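Working notes, structure below.
Residue numbers start from 1 in every chain, and the chains themselves are labelled A, B, ... in the order their sequence lines are given, proteins ahead of strands. Predicted, not measured: the structure shown is a model, and the values here were computed from it. The basis for the numbers below is simple: all heavy atoms, side chains too, and nothing from hydrogens, waters or symmetry mates.
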Protein chains: 2
Amino acid sequence: MKLSRRSPARHQKTTKPVTTADPESSNNLHAVFALPPGRALDICLNIQTALLEHKLAPGVKLSEDEVGEIYGVSRTVVRAALQALAHSNLVTIKKNRGAFVSEPTIREAHEVFQARALIEPAVARLAALAMTDKQLAGLKAHLEAEHVALHKEDMGRALFHSGGFHTAIAEIADHRVFTSMVRSLISRSSLIIALYWKRADTACESHSHHALMKAFELRDAAMAESIQKSHIIDLHSGLDLREKPRSDTSLSAALGRTG
Amino acid sequence: MKLSRRSPARHQKTTKPVTTADPESSNNLHAVFALPPGRALDICLNIQTALLEHKLAPGVKLSEDEVGEIYGVSRTVVRAALQALAHSNLVTIKKNRGAFVSEPTIREAHEVFQARALIEPAVARLAALAMTDKQLAGLKAHLEAEHVALHKEDMGRALFHSGGFHTAIAEIADHRVFTSMVRSLISRSSLIIALYWKRADTACESHSHHALMKAFELRDAAMAESIQKSHIIDLHSGLDLREKPRSDTSLSAALGRTG
DNA sequence: CAATTCAAGATCGTATACAATCTTTGAGCA
DNA sequence: TGCTCAAAGATTGTATACGATCTTGAATTG
C-alpha cells in the first residue's frame, strides 16, 4: 500500500470516513467556517465532528492525499478545508510538513477557558432573556442525548452533546459574533479535554447543566450567568494543567540507556 | 483593457498596490490568519492593512485574476489569501460570484461593539497588571502617530493607529486568545466605521485614550477596565445604526419613474 | 561501530488547464 | 417599445502537473 501518488478516485465517493452526526445534533455546526457551501465545507464539518467526538486525536497527521482519497476530491479542495480548520485552530499547518490535528499547549488551555469564563456567562444571560419554550425543550434534548451517550459509555459522543448544549445556548442568545466565538472555543476545548482531562467522573454530567436549565426555565438571567460562570470555572479546574513531561518526552526518557 | 484571461506575470512582482505600513505599526498585524508564512500571508496582511486604512471600501470586488496580477502570483495563492480574509469576516465570498470586501450589517455592527465592550475591558485589566515601562512607551507612540495623522487630516491612517492602540493593549495583556479576538473585532470595526460613522469629530482622538494611558501609568487595573468599557460604549454610540434606505436602494428609488 | 552524507521517496507549494456557473448582450418576437 | 431567451463572455471551482522541500535510510568514512 505504498502507491507513490494516490489517484483521487475521480468523482467517486469511496467511504464515509467518520460517523455523520445525529439529526438533532448535526443541524448547525457550520457558521464558523467562512466557506461557500460545497465539498470543502462538508469535509470541514465532518472533520470537526470527528474532533468533537474524540475520534481524531490531537497530533494525528491529516495528509492531503489521504484526506482527498477518503472524500474523493482533489488536494485543491482538501487544502481549502484544512486551511479553514487551521483558522479555527483545530488544525495546525506546518510549512512543507503538512496539517496535523492541533495539540493545544497548557497555556492555550488556560486561555481558552479564561475566554469561555468571560464570554459564556454573558451569553447565558442573553439566552435566558430570549428563551422560548421550544428552545428550552431543544436544550433539554441535548442533555438527554448526552445522558444516553454516557449510559452507553460512549464518552466521545457524550462530549459532543455536551458541547452541543453550550453551543445551543449561544444560538438561543441569537448573537452571531458571540456564537461564533463560543463555537470556536468549544471546539478547541474538545482538543484540550482530549489532552488534559483528569477527572474520573465524566465530562459535564455535573449538575451544573441541570441547574442552568432551571435558571432558563425561570428566565432568571442573573442566575443563568452566575451558574454558567461557575460551571466554566469548574470545567477549567477539571483539567490537569501542570507542566509535566509529555508522552513523547517520557518515552525517550523511558527508553533511555538505563537497562 | 479586456484581456480574456490575464497572465499572472510569472514570478515578476509588478507593483506594490497599497502602502505598506510604517515600521512601528506594521510589526505584528499577523497571528489572525492561520497561514504558513509565505506569499498568501503577505497578501492577507496587505489587504487587511488597506482595509484598516480605509483604502479599500466595503463592497469592492476582489477579483482573483486582478489581485493575482497585482501581486504577481497565481489564483491558487490568491484564493488562499481571500479565504483567510473571509474567515476573519473581512471579505465575503459568494459562490460562483467572487470575493467582496464585507459590508457589515447594522445588526453585525451592534454585535461587534457589544463583543468589544465585553472583551476589551477585561483585556485592559490584564494589560494594566502586566504593563512594563517600555510597553507604556510603545502605547504612547501609537497615540502620537494617531495624532500626527489626524493633524495631516489623514483619517484612514489615524484610524489605523487608533486600532493599533487597541491591539497593542491586547498584546501587552499577553493573552493570545483574547488578542486574536480583539484583532478580529477591530478589523471588522474598521469596516463598520467606514459604513456607519456619523460623528463630525474624528475617530478616537477623544480623551479616552489618554485617560486609559493614565490608568496604565498608575497600573490601576480597575480604572483601566472601567475607562475602556466606557470608551467602547462611546464608540458604539458614535455610529449611526438606524435602519435607513441603503445607498443602492435609495438610488433605485431616486431614479424611479417620478419624472 | 558510530556518525555523517547524500540520494531516493514522499509530501507540500504553486501554476495552469479545463469544467461549471454566472452575467451580459443581442436577436427574435409580441 | 418592451419582454424572453439563448449564446457568448467572463469569472469562479476543481483537477492535475511539476517544482521545491522535507524525511528517510542506506552507503561511506573515521
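Expressed to the nearest 0.5 Å, how far CZ of B:Arg188 lies from OG of B:Ser184 amounts to 6.0 Å.
Atom NZ in A:Lys95 sits about 6 Å away from atom P in C:dT14, given to the nearest Å. We find that CG of B:Asp65 is positioned 12 Å from P of D:dG13, with the value rounded to whole Å. With rounding to whole Å, A:Glu69 atom CD is found 14 Å from D:dA15 atom P. Going from atom CD of B:Glu66 over to atom P of D:dT11 covers 8 Å, rounded to whole Å. The CZ-P distance, from A:Arg39 to D:dT12, rounds to 18 Å in whole Å. Atom CG of A:Leu41 and atom P of D:dT14 are 11 Å apart (whole Å). One atom, CZ of A:Arg79, and another, P of C:dT11, lie 14 Å apart when rounded to the nearest Å. Look at CG on B:Leu62: it is 14 Å from C1' on D:dT11, rounded to the nearest Å.
By the 30° and 60° cut-offs, the orientation of the rings of A:Phe33 relative to B:His87 is tilted.
Projected onto DNA chain C by closest heavy-atom contact, A:Gly98 and A:Thr76 fall at different nucleotides, the more 5' of which corresponds to A:Gly98. Annotation: of the two residues near DNA chain C, B:Asn96 and A:Ile93, the 5′-most nearest-nucleotide partner is A:Ile93.
Side-chain atoms of A:Arg75 and base atoms of C:dG13 include a donor and an acceptor less than 3.5 Å apart.
For the pair B:Ser187 (side chain) and B:Arg183 (backbone), a donor-acceptor distance under 3.5 Å is present. Of the possible donor and acceptor atoms, one in the side chain of A:Glu111 sits under 3.5 Å from a partner among the backbone N and O of B:Val177.
Across D:dT14, C:dA15, C:dC22, the shortest atom-to-atom separation from the side chain of B:Arg97 is found for C:dC22. Distance from the side chain of A:Val77 is smallest to D:dA15 among D:dA17, D:dT12, D:dA15. Among C:dG13, C:dA15, D:dT12, the nucleotide with an atom closest to any side-chain atom of B:Glu64 is D:dT12.
Using a 4.0 Å heavy-atom cutoff across all strands shown, A:Lys94 reaches no nucleic acid atom at all.
Contact detail for A:Tyr196 and A:Thr105: the closest heavy-atom pair is OH-C, 3.6 Å.
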